[in-house]
Amino acid sequence: MNSRRHFIHTVLGAGAASALAAESRLSYKGENIQFGLVTYQWGKDWDLPTLIKNCESAKVLGVELRVEHAHKVDPSLTPGQRMEVRRRFEDSPVDVIGMGTNFEFHSPNAEDVKKNILGAKTFIKLSHDIGGTGVKVKPNALPKDVPAEKTLVQIGKALAELGDYALGFGQEIRLEVHGKDTSELPNIKTIMDAADRDNVRVCWNSNDTDLNGAGLEANFALVKDRLGHSVHIRGVNLSAYPLDKLAKLLVEIDYEGHVCLEAGKMPDGDPVAALAEQRELFMNLVTEARKTVKD
């Protein structure tokens with residue numbers, strides 16, 4: 001490193017040497033954080049070639065595909081069609097992170113839970129076939145007249161079954177922090193304790209409820225060792241959520257994965273430029289955090 005600095009200083013000048021010095025002050029932690037997109041509203045109307053092209057242009061190199069959107073990636077695809085989806089991603093720098101589904105497991109009706117488990121399994125295989133690494137599911141509610149602990153453990157056991165199934169396909173099950181009451185991080189921890197599978201992970205969702213109770217840092221600490229490959233944010237400058245603090249927390253644990261934009265209505269104007277701006281804004285927060293976090 002010293003010889004490299006000497007070369008840059010003498011051959012390229014003091015400006016390049018200063019740039020290298022600034023770079024060297026960044027912690028290695030957080031260097032593998034990447035920015036991605038959830039096709040919730042932004043991207044929902046793009047077919048697959050357009051989605052990949054726009055993400056590539058915006059340098060957003062990871063995509064979580066939501067169901068029932070214009071890209072039409074769902075379990076009805078034939079083996080050949082699945083291979084075509086996989087090929088499109090492999091031929092681009094954009095990674096398919098996996099599938100974002102709405103399967104839920106809180107119902108007191110055992111048949112409803114079974115139906116959702118079976119449905120999630122079809123997406124586990126789909127994600128594997130197209131080159132993804134996981135499937136997002138969610139808790140959605142705590143039914144009335146059922147003890148909360150019972151429902152939370154029930155959700156966890158359903159996730160354990162999915163985790164066992166997903167293991168054979170090399171997939172993560174990603175529990176989105178979601179739903180009334182179920183989005184409270186102590187409840188998410190109870191679910192995860194009941195699931196108790198290494199490939200059942202938490203998808204941090206940047207909810208206002210993250211700030212409840214003891215606050216963001218304490219709630220993050222409840223699940224930081226169980227984060228999966230995707231984190232969701234509503235967007236920089238699109239909400240009041242303290243994304244600077246979240247970025248620092250992610251850097252501190254040396255998070256490796258995609259922080260994915262899951263925003264509402266697309267802004268007017270150039271959507272690719274808006275997507276690129278979101279990437280730049282968030283990655284700037286990561287860089288600022290890496291300046292302050294110690295190795």
Side-chain angles (χ1 to χ4, degrees), residues 32-44 46 48 51-52 54-56 60-77 79 81-105 116-139 158-178 192 195 197-206 223 226-233 250 255-263:
N32 292 315
I33 294 175
Q34 302 175 71
F35 194 79
L37 173 68
V38 179
T39 59
Y40 168 57
Q41 295 295 325
W42 292 36
K44 71 182 179 68
W46 297 338
L48 192 60
L51 174 64
I52 292 174
N54 287 350
C55 285
E56 184 175 346
V60 172
L61 304 183
V63 177
E64 179 186 297
L65 301 173
R66 284 290 295 263
V67 298
E68 300 174 353
H69 285 174
H71 12 286
K72 297 181 179 178
V73 179
D74 61 54
S76 69
L77 295 182
Q81 289 170 327
R82 294 176 187 221
M83 286 302 299
E84 174 63 15
V85 172
R86 188 183 189 111
R87 184 194 63 77
R88 286 185 180 275
F89 281 105
E90 289 178 345
D91 288 347
S92 83
V94 180
D95 291 329
V96 56
I97 299 169
M99 300 300 305
T101 76
N102 296 310
F103 294 110
E104 56 189 30
F105 314 104
N116 276 271
I117 290 173
L118 291 174
K121 287 180 177 179
T122 67
F123 278 88
I124 290 169
K125 186 175 188 308
L126 174 65
S127 179
H128 165 270
D129 291 348
I130 66 172
T133 59
V135 172
K136 187 221 76 180
V137 296
K138 62 177 69 170
L159 295 175
E161 180 177 341
L162 289 177
D164 290 342
Y165 181 80
L167 196 61
F169 293 95
Q171 300 291 299
E172 280 186 344
I173 300 301
R174 298 164 182 154
L175 182 72
E176 186 177 40
V177 181
H178 189 272
M192 295 299 295
R197 296 293 188 276
D198 288 342
N199 66 328
V200 174
R201 313 297 290 179
V202 172
C203 175
W204 189 268
N205 201 37
S206 303
V223 298
R226 290 166 161 171
L227 291 183
H229 190 74
S230 63
V231 164
H232 293 172
I233 63 171
L250 292 171
Y255 178 72
E256 297 185 5
H258 286 84
V259 176
C260 297
L261 178 70
E262 187 187 26

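Fair warning: this is a prediction, and the values are worked out from it, not measured in the lab.
Trp204 has its side chain out of reach of Leu250: every pair of non-hydrogen atoms, C-beta onward, lies at least 4.5 Å apart. The side-chain heavy atoms of Asp74 and Glu68, taken from C-beta on, include no pair separated by under 4.5 Å. By the 4.5 Å heavy-atom criterion applied to side chains, Cys260 and His232 are counted as neighbours. Annotation: side chain of Arg82 is in contact with side chain of Pro75 (closest heavy-atom distance under 4.5 Å). Taking 4.5 Å as the limit, some side-chain heavy atom of Leu51 sits within range of a side-chain heavy atom of Leu37. Side-chain contact between Ser230 and Arg174 is present, with at least one heavy-atom pair separated by less than 4.5 Å. Side-chain contact between Asn205 and Glu262: present, with at least one pair of heavy atoms (C-beta onward) separated by less than 4.5 Å. Side-chain contact check for Pro79 versus Asp129: every heavy-atom pair is 4.5 Å or farther apart.
With values rounded to the nearest 0.5 angstrom, Asn199 atom CG is found 11.5 Å from Thr133 atom OG1. To the nearest 0.5 Å, atom CG of residue Leu175 and atom NZ of residue Lys136 are 10.0 Å apart. Distance CD/Gln81 to CD/Glu84: 9.0 Å, rounded to 0.5 Å.
When all heavy atoms are compared, the tightest approach of Val63 to Cys55 is CG2-SG, 3.6 Å. Here the shortest heavy-atom pairing between Gly131 and Arg86 reads N-NH1, 3.4 Å. When all heavy atoms are compared, the tightest approach of Gly62 to Ile97 is C-CD1, 3.6 Å. Residues Val137 and Ala120 share a closest heavy-atom pair of CG1-CB, 4.5 Å. For the pair Leu61 and Pro93, the tightest heavy-atom approach, listed with the atom from each and the gap, is CB-O, 3.7 Å. Looking at every heavy atom in both residues, Ala195 comes nearest to Leu159 through CB-CB, 4.0 Å.
Ring-plane geometry between His71 and His69 is classed as perpendicular, the angle between the planes exceeding 60 degrees on a 0 to 90 degree scale with a lower cut at 30.
Side-chain N or O atoms of Tyr165 include none that pairs as donor or acceptor with a backbone N or O of Ala160 at under 3.5 Å. No donor-acceptor pair closer than 3.5 Å links the side chain of Arg66 to the backbone N or O of Thr39. A donor-acceptor pair under 3.5 Å links the side-chain atoms of Arg201 to the main chain of Leu227, judged by distance alone. Within the 3.5 Å criterion, the main-chain N or O of Phe103 finds no donor-acceptor partner in the side chain of Asn116.
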Leu167/Asp198 under side chain to side chain contact (heavy atoms under 4.5 Å, CB included): CA gap, chis, key distance, verdict: CA-CA 9 Å; Leu167 196 61; Asp198 288 342; over 6 Å; no

message: Go through it in stages, so that I can follow the logic: the residues are Trp42 and Asn54, the test is side chain to side chain contact (heavy atoms under 4.5 Å, CB included), and I'd like the CA-CA distance, side-chain angles, deciding distance and then a yes or no.
response: CA-CA 11 Å; Trp42 292 36; Asn54 287 350; over 6 Å; no

- prompt: Run the side chain to side chain contact (heavy atoms under 4.5 Å, CB included) check on Leu162 and Val200 step by step: do they pass?
  reply: CA-CA 8 Å; Leu162 289 177; Val200 174; over 6 Å; no

message: For Ile52 and Trp46: C-alpha separation, side-chain torsions, deciding distance, then whether side chain to side chain contact (heavy atoms under 4.5 Å, CB included) applies.
response: CA-CA 9 Å; Ile52 292 174; Trp46 297 338; over 6 Å; no

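Counting non-hydrogen atoms of other residues, nucleotides and ligands closer than 6.0 Å to CZ of Phe169 gives a total above 12. Heavy-atom neighbours of Asp91 CG from other residues, nucleotides or ligands within 6.0 Å: above the threshold of 12.
Residues that satisfy the side-chain contact (heavy atoms from CB on, under 4.5 Å) test with Ser127, not counting sequence neighbours, are Met99, Val135, Gln171. The side-chain contact (heavy atoms from CB on, under 4.5 Å) check on Val96 picks up Leu65, Phe89, Ile130, with sequence neighbours excluded.
Looking at Glu64 and His258, their side chains never bring a donor and an acceptor atom within 3.5 Å of each other. In the model, His229 has no side-chain atom that pairs as donor or acceptor with a side-chain atom of Glu172 under 3.5 Å.
Taking the charged nitrogens against the carboxylate oxygens, Arg87 and Glu90 have no contact shorter than 4.0 Å, which rules out a salt bridge.
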